[in-house]
Amino acid sequence: QVQLQESGPGLVKPSQTLSLTCTVSGGSITTKYYHWGWIRQPPGKGLEWMGVITYEGINIYSPSLKSRTSISRDTSKNQFSLRLSSVTPDDTAVYYCNLEARDYWGQGTQVTVSS
């Protein structure tokens, strides 16, 4: 059973970089043909797809966030990470990592952007 777990700071200051890690267990992030994604949900709003990294390490980003988003991976640790730069309070959200093909999600982690 594939499980995903988000981790990282829950509070980030404006203009700084938000950094989260998704640790995957029960399966490899290099398994064909999986896409590993980051999705967020701001308070009172719907889910917003941010981007993915594929099993080959290829990135696909949301156009609205592409300039600020970087998704990377560490295959030796079976982890993939999100970096969102120049954050503002509008980036406050619950952040999820997921395995798109299986609709498997982490439990989510709250990140608040505030000084």
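Here, residue 1 is the first one in the sequence, and each next residue gets the next number. The structure displayed is predicted, hence computed values, not measured ones.
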Next on the checklist: Aromatic contact between Tyr55 and Trp36, with the criterion being ring centroids under 6.0 Å apart: yes or no?
Outcome noted: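 Judged by ring-centre distance (under 6.0 Å), Tyr55 and Trp36 do not meet the cut-off.
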
Main chain of [Y], side chain of [X]: is a donor-acceptor contact present, judged purely on distance under 3.5 Å?
X	Y	value
Asn98	Ile39	no
Glu6	Cys22	no
Asn78	Thr75	no
Tyr34	Ser28	no

Any donor-acceptor pair under 3.5 Å linking the side-chain atoms of [Y] with those of [X]?
X	Y	answer
Thr23	Gln79	yes
Ser62	Ser64	yes
Thr17	Ser85	no

If I take atom [atom1] from residue [X] and atom [atom2] from residue [Y], how far apart are they, to the nearest 0.5 angstrom?
X	Y	atom1	atom2	value
Ile53	Ser70	CD1	OG	8.5 Å
Gln110	Tyr95	CD	OH	9.5 Å
Ile71	Ile58	CD1	CD1	13.0 Å
Arg40	Glu48	CZ	CD	4.5 Å
Lys77	Thr21	NZ	OG1	8.5 Å

Compare all side-chain heavy atoms of [X] with those of [Y] and state whether any distance is below 4.5 angstrom.
X	Y	result
Leu4	Tyr104	yes
Ser86	Ser15	no
Val113	Gln16	no
Val111	Val12	yes
Gln5	Val24	no
Glu100	Trp105	no

Checklist entry - Cluster question for you: counting only ILVMFWY and a side-chain heavy-atom cut-off of under 4.5 Å, with indirect links fine, are Val2 and Trp38 together? => result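 Per the 4.5 Å side-chain linkage, Val2 and Trp38 are co-clustered.
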
Next on the checklist: If hydrophobic clusters are built from ILVMFWY residues whose side chains come within less than 4.5 Å, do Val87 and Leu11 share one?
Outcome noted: no

